[in-house]
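To start, the structure itself, in structure tokens.
A note on names: the letters A, B, ... follow the listed sequences, proteins ahead of strands, and every chain is numbered from 1.
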There are 2 protein chains.
Amino acid sequence: MINLEDIREDLREGIRQLAGSMQMNGAGRHDPVREIFAMLGDKWSTLILLVLELGTWRHTDLRRILIRLSETERISQRMMTLKLRGLEREGLVERKTTADIPPKVSYCLTDMGQNLMGEVHGLLNWVERHRVPIQQARMLFDDGEEL
Amino acid sequence: MINLEDIREDLREGIRQLAGSMQMNGAGRHDPVREIFAMLGDKWSTLILLVLELGTWRHTDLRRILIRLSETERISQRMMTLKLRGLEREGLVERKTTADIPPKVSYCLTDMGQNLMGEVHGLLNWVERHRVPIQQARMLFDDGEEL
DNA sequence: CGGTATCCTAAAAGATACTG
DNA sequence: CAGTATCTTTTAGGATACCG
């Protein structure tokens, strides 16, 4: 069960599946799976999605809300634009501008973005449900480290 | 619908929920939600989880499989240990050592880790299902940028 | 063998000033 | 107002050498 031959035998199928779904090869970092996972894992994108799930927001108001939500950390103008652009590029967020001068810019989820939120909430709820055991595991681990 | 007063009215509930689930305040970066999301979004953790989902692996074999899966990128010893430690700390992975000299080290998912994989696959499948529209959105976006 | 320590590069994120 | 450009700081990740 330990040498490479067995690995080849047992995992030929598994490896194909995994390589297919994570797509580490070929397309590299531009594969949708990697991008979406990285996006959800970065510092602001998921929070932005959660706020946009509540409605359509003007740029300024969205920023105000984000700053309000995270009392300790303050999203920078640059990150705000950068992350919104990223989400827009993947087709999760729609950016709308009026013809006013200066133009008013607002953001909302696309249907696909809305749809993604189902999965996000699934994960969010999972973590909530396991908050206690996770924190216990951490304490156990950290205690063992100190010895 | 635009000034801060309205935001306060409409979102008082929403804000509490969001702040509660993302926990940007107080506990800071040590909140389970942030940690788990960041973990799944990093370069190796999810792939490690997927491989461990297939069974228990010796350290060396696990590394061999990871390198095999990602032909272009090669996980370093350091990241291997670091990411496994992180997953172990959250209680998702279990590390077992024998009393041999040198000791043999193997890793597998915990029950909680196994359980998390349900959500991970949900997200994975979502991306697979939306691979085409995502790539279309990207092309559309990138075309607009060039003008 | 499995892990640690050290050093280095690359990428993420923040601060600030500027522009139509 | 919304975005861009530039610069700096911080963090993720990699290369390598060494240790029990």
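A straight line from CD1 of B/I75 to C1' of D/dG14 spans 11 Å, rounded to a whole angstrom. The nearest whole Å value for the distance from the CG atom in B/L82 to the P atom in D/dG14 is 11 Å. Spacing between atom CG of A/L62 and atom P of D/dC1 amounts to 14 Å, rounded to whole angstrom units. Look at CE on B/M80: it is 15 Å from P on D/dA15, rounded to the nearest Å. Between B/E35 atom CD and D/dT11 atom P there is a gap of 12 Å when expressed in whole angstrom units. When rounded to the nearest whole Å, the span between CZ of B/F37 and P of C/dA12 equals 19 Å. Taking atom CG on B/D42 and atom P on C/dA12, their separation rounds to 13 Å, with Å as the unit. Summarising the geometry, the separation between CE on B/M79 and C1' on C/dT4 is reported as 13 Å, rounded to the nearest angstrom.
Of the candidate nucleotides C/dA13, D/dG3, C/dG3, D/dG3 has the atom nearest to the side chain of A/T81. Residue B/T60 places its side chain closer to C/dC1 than to any other of C/dC1, D/dG14, C/dA13. Considering only the side chain of B/S76, D/dG14 comes nearest among C/dG14, D/dG14, D/dC1. In the set D/dG3, D/dC1, D/dG14, the nucleotide with an atom closest to the side chain of A/P102 is D/dC1. In this structure, of C/dT6, C/dG3, C/dC1, it is C/dG3 that holds the atom nearest to the side chain of B/H59.
Taken together through direct or relayed side-chain contacts under 4.5 Å among Ile, Leu, Val, Met, Phe, Trp and Tyr, B/I134 and B/L140 form parts of separate hydrophobic clusters.
Within the 4.0 Å cut-off from OP1 or OP2 of D/dG14, at least one side-chain nitrogen or oxygen of B/K43 is found. Between C/dG2 and B/W57, no contact under 4.0 Å exists linking OP1 or OP2 to a side-chain N or O. Distances shown here put every side-chain N or O of B/K83 at or beyond 4.0 Å from the OP1 or OP2 atom of D/dA12. Within the structure, every side-chain polar atom (N or O) of B/R63 is placed at least 4.0 Å from both OP1 and OP2 of C/dC1.
Terminal axes of the helix from C/dC1-D/dG20 to C/dG20-D/dC1 (five pairs each, C1' rotation axis) are separated by 40°, to the nearest 10°.
Counted within 6.0 Å of CZ on B/R85, heavy atoms from surrounding residues, nucleotides or ligands total more than 12; the atom is thus considered enclosed.
Using a 4.5 Å heavy-atom threshold, the side chains of A/V120 and A/M117 count as touching. Using a 4.5 Å cut-off on side-chain heavy atoms (C-beta onward), B/L49 and B/L40 make contact. Taking the side chain as every heavy atom from C-beta outward, A/F141 and B/E88 approach each other to under 4.5 Å.
Shown here are the side-chain contact (heavy atoms from CB on, under 4.5 Å) partners of A/N115, two or more places apart in sequence or in another chain: B/W126, B/H130. Not counting sequence neighbours, B/R63 has no partner by the side chain to side chain donor-acceptor pair (under 3.5 Å) test.
Looking at B/R78, its side chain comes within 3.5 Å of the base of D/dG13 through a donor and an acceptor atom.
In terms of position along DNA chain C, the nucleotide closest to A/G41 lies nearer the 5' end than the nucleotide closest to the other residue of the pair A/G41 and A/Q77.
As judged by a 4.0 angstrom heavy-atom cut-off over every strand, A/R95 is placed among residues touching the sugar-phosphate backbone only. A/R85 comes within 4.0 angstrom of sugar-phosphate atoms only, judged by non-hydrogen atoms across all strands, and of no base.
Note on A/D61 versus A/R58: no salt bridge recorded, every NZ/NE/NH1/NH2 to OD/OE distance being 4.0 Å or above.
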